[in-house]
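The structure under discussion appears below in the form of C-alpha cells.
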Amino acid sequence: MLVLLLISSLVLAACGNKEEAGVTTTSDGKRVLKVWGMGGEDNAISTLIPAFEKKYPDIKVETQFIPWDNAHDKLLTAVASKKGPDVIQMGTTWIPEFAEAGALLDLTPYTEEFPNLKPENFFKGAQETMTVNDQLVGIPWYLETRVLFYRTDLLKQVGYNEAPKSWAELKDAATKLTDKSKGRYGILLDTQDAAFTLPYAWENGSEVISSDNKAQFNQPAYIETIEYLTSFFKEGLTPNESDIKLLPSFGQGLIPMFVSGPWSANQIKTDLPDLKSDQWATAVIPPKEEGGKSASILGGSNWSVFSSAANKDDAAKFIAFMSDPETQVAKYKHDQDLPANMKAWDNEVFNNKPIVQTFRDQLDTARPSPFVKSWESIGDLIKAALQQITIGGADIKEQMEEVNTGADSLLAE
C-alpha cells in the first residue's frame, strides 16, 4: 500500500502544473498563459492558438470563455482578488473603467519589441480606445461599425438609384417608401441602442461630451439632431413597436432601410436566401449635407493585460500575435469579424466584396462611443429620454436638459 501511494503521488506531481517565479508551468516546463475570451469567441480563438503555440513552443495557452452578460461582474471579481487571467478580451466601453482603477497594464514598453502593438497600425477611431491617461492599455482585436442597409429595388421605385446621400434625402426616401396601406415603413430607427444618436450628432457638429468632460446634450447641435431623428417617429415613417422582426420585414419589403453592423449582412445571406444580391445593398450613413463627412459608431473588442498578471511578457507576445495582419485575416475567414489592423485589409480575400467594402469605407470615419467610464449609464439616460419623446410626446428640450444634468453628475463621479 505504501509503495502504491508513493507511486501515485509521483505520478500526480509529474502530471500537474507547478509555479516558478509566480508563473505557472506545465510538467514539461512550458509557461502557462491564461487567457479569457468573451461571448462566442471560443471557436475563433481556439482555432488560432495552435499557430501561436507553434511559434512559441515554450508557452501553453489555457483559455476560458465567458458570456458577455456575465463578463463585467466576473472581471470586477478578478480585479478585486488579483487572481484573474494574464490576457483579457475587453469590450471597448469597459476599458476606461478598468484602466482608471489601475487594473490594466501599460503596454507601451513592449511596442518596440512587438511593433504590432503600435497604435499607428489601427484605424483612427480604434486608436481612441487604446489609451487612457497616456497609457497603452488596449490593443484592438476586431472592429464593427454601423452602415445603412437598403432595398435597392424598392428605392428605385421611388426615384433613388443610389442610397440617400444626405439627411434630407434619407427623410425624403423614407417618406416615399412609407405605405401604411401595405404595412410598410420607410426605415427602422432603434432608439433602444445607446449609440443610435451618435453618428448624426457628430455629423451635426456635436461632440456629445466635451474635451473637458462636460455633457453637451442640451446644446443646439445635439438638440437639432434629436429633432431630426424623432421627426421620423412623429411622421410615422418608422415604427414605435419594439417587437418588429427586422430581417423578415426587410425581406418582405416592410422595412426597406435600417442601420446595423456586419452581423446583419451575414444574417441576410443566411436567413433570406430568396432575397437576391441585386435587391439589397449597403452604404455609409448619409452625412448631414451631400458631400459632407459621414460618421458612424465604432465597436468591437480589445485585448488587455491585467496589471496583476503573473505572465506579462508572454501576454504581450500573445496580443502581438493576435494583432498580426495574417492572424486577423485568418479570424475574418473564420467568423467574418472585421480586422482592426489596417494592413489586413490589403489581403485579396476582401477583393470584389462590395458589402464588406462599405464597412471598410465607414471604418475610416467611425468613432467609438465617448471614452468615459460612465458612458453606459449615460446611454441609459438617452434611451429613456428618447422613449419619453417618441412614445410619450415629451418636450425635446426639457428631456435633453434632464439628460445633461444626469450625465454631468455621472461624469463628476
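The figures that follow rest on heavy atoms only: side chains count, while hydrogens, waters and symmetry mates do not.
The 12-atom threshold is not exceeded at CD of Glu348, counting heavy atoms of other residues, nucleotides or ligands nearer than 6.0 Å. Under a cut-off of 6.0 angstrom, the local environment of CD in Glu289 is sparse, with at most 12 non-hydrogen atoms contributed by other residues, nucleotides or ligands. Residue-environment remark: CD (Glu326) stays at or below the threshold of 12 foreign heavy atoms within 6.0 Å. By the neighbour-count criterion of 12 heavy atoms within 6.0 Å, atom NZ of Lys245 is sparsely surrounded, having that number or fewer from other residues, nucleotides or ligands. For Lys60, the NZ atom counts as loosely surrounded, since its 6.0 Å shell holds 12 or fewer non-hydrogen atoms of other residues, nucleotides or ligands. Asp134 CG: 12 or fewer foreign heavy atoms inside a 6.0 Å radius. Within 6.0 Å of CG in Asn351 there are more than 12 heavy atoms belonging to other residues, nucleotides or ligands.
Taking both residues in full, the closest heavy atoms of Leu148 and Pro164 are given as CD2-CD, 4.1 Å, listed atom of the first, atom of the second, then distance. Scanning both residues, Leu254 and Lys182, for their nearest heavy atoms gives CD2-O, 3.4 Å. Summarising the geometry of Phe321 relative to Phe52, their closest heavy-atom pair is CZ-N, 3.6 Å, with the distance given to 0.1 Å. Closest non-hydrogen pair, Ala71 versus Ile66, comes out as CA-CG2, 3.8 Å. Heavy-atom minimum distance, Thr238 versus Tyr185: C-CD2, 3.6 Å. Considering all non-hydrogen atoms of both residues, Leu104 and Ile95 come closest at CD1-O, 4.0 Å.
For the atom pair CD of Glu97 and NE2 of His72, the computed distance is 3.5 Å after rounding to the nearest 0.5 Å. For the atom pair CG (Leu237) and CE (Met257), the distance works out to 9.0 Å, reported to the nearest 0.5 Å. A distance of 4.5 Å separates CZ of Phe196 from CG of Leu189, quoted to the nearest 0.5 Å. In this structure, Lys383 NZ and Thr191 OG1 are separated by 9.5 Å, a value rounded to the nearest 0.5 Å. Note that CD of Glu224 is 4.5 Å distant from CG of Asn204, once rounded to the nearest 0.5 Å. Rounding to the nearest 0.5 Å gives a distance of 10.5 Å between CZ of Arg31 and OG1 of Thr26.
A cation-pi contact links Lys171 to Phe232, judged by a cut-off of 6.0 Å to the six-membered ring centre and 45° from its axis.
Under a 3.5 Å cut-off, the side chain of Asn133 and the backbone N or O of Gln135 do not form any donor-acceptor pair. No side-chain donor-acceptor contact under 3.5 Å links Asp179 to the backbone of Arg184. Listed for the Ser46 side chain is no donor-acceptor partner under 3.5 Å among the backbone atoms of Asn43. Panel note: side chain Glu203, backbone Ala295; a donor-acceptor pair is recorded below 3.5 Å. Panel note: side chain Tyr200, backbone Leu229; no donor-acceptor pair is recorded below 3.5 Å. A donor-acceptor distance shorter than 3.5 angstrom exists from the side chain of Thr405 to the backbone of Glu401, with no hydrogens or angles considered. Here the side chain of Asn311 pairs a donor or acceptor atom with the backbone of Val32 at under 3.5 angstrom. Between the side chain of Asn218 and the backbone N or O of Met400, no donor-acceptor pair lies under 3.5 Å. No side-chain donor-acceptor contact under 3.5 Å links Thr92 to the backbone of Gly299. Put simply, the side chain of Gln399 never gets that close to the backbone of Leu386: no donor and acceptor are under 3.5 Å apart.
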- Message: side-chain contact (heavy atoms from CB on, under 4.5 Å) for Val305 and Tyr110? Distances and angles first, verdict last.
- Response: CA-CA 12 Å; Val305 179; Tyr110 292 99; over 6 Å; no
- Take Phe258 and Ser249, measure what side-chain contact (heavy atoms from CB on, under 4.5 Å) needs, and give me the verdict at the end. CA-CA 11 Å; Phe258 66 95; Ser249 297; over 6 Å; no
- Task: For the pair Gln89 and Met322, evaluate side-chain contact (heavy atoms from CB on, under 4.5 Å) and give the outcome as yes or no after the intermediate values.
- Result: CA-CA 11 Å; Gln89 181 188 352; Met322 290 297 182; over 6 Å; no
- Please walk me through it: do Lys317 and Asp314 pass side-chain contact (heavy atoms from CB on, under 4.5 Å)? CA-CA 5 Å; Lys317 293 176 184 176; Asp314 289 341; 3.6 Å; yes
- ring-ring contact (aromatic ring centres under 6.0 Å, His included) assessment of Tyr150 paired with Tyr160: CA-CA 11 Å; Tyr150 66 101; Tyr160 282 86; 9.7 Å; no
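With a 4.5 Å cut-off on side-chain heavy atoms, Ile209 and Ile378 count as touching. Taking the side chain as every heavy atom from C-beta outward, Asp190 and Val259 never approach each other to under 4.5 Å. In this structure the side chain of Met90 reaches within 4.5 angstrom of the side chain of Leu75, judged on heavy atoms. By the 4.5 Å heavy-atom criterion applied to side chains, Val208 and Ser369 are not counted as neighbours. Residues Phe114 and Ile319 are not in side-chain contact: their nearest non-hydrogen atoms beyond the backbone lie 4.5 Å or more apart. Tyr332 places none of its side-chain heavy atoms less than 4.5 Å from the side chain of Asp337. Residues Leu275 and Arg151 meet the side-chain proximity criterion, which asks for heavy atoms closer than 4.5 Å. Counting heavy atoms from C-beta on, the side chains of Leu381 and Phe217 never come closer than 4.5 Å.
Between the side chains of Ser294 and Gln362, a donor-acceptor pair is found at a separation under 3.5 Å. Asn266 and Gln336 share no side-chain donor-acceptor pair at under 3.5 Å. Side chains of Thr197 and Tyr222: a donor on one and an acceptor on the other come within 3.5 Å. When only modelled atom types and interatomic distance are considered, Gln357 and Asp361 share a side-chain donor-acceptor pair under 3.5 Å. Judged purely by distance below 3.5 Å, without hydrogens or angles, the side chains of Gln216 and Ser206 never pair a donor atom with an acceptor atom. For Thr282 and Thr358, the side-chain atoms include at least one donor-acceptor pair closer than 3.5 Å.
Here the two rings, on Phe149 and Phe250, have centers that are 6.0 Å apart or farther.
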Which pairs would a plain distance check flag for residues 406-413, meaning a side-chain donor or acceptor within less than 3.5 Å of a matching protein atom at least two apart in sequence or in another chain?
| residue | atom | partner | partner atom | Å |
| --- | --- | --- | --- | --- |
| Asp408 | OD1 | Ala215 | N | 2.9 |

Donor-acceptor pairs under 3.5 angstrom involving side-chain atoms of residues 137-147: please list them, not counting sequence neighbours.
| residue | atom | partner | partner atom | Å |
| --- | --- | --- | --- | --- |
| Trp141 | NE1 | Glu41 | OE1 | 2.6 |
| Glu144 | OE1 | Arg146 | NE | 3.2 |
| Thr145 | OG1 | Ser296 | OG | 3.2 |
| Thr145 | OG1 | Ile297 | O | 2.7 |
| Arg146 | NH1 | Asp193 | OD2 | 2.7 |

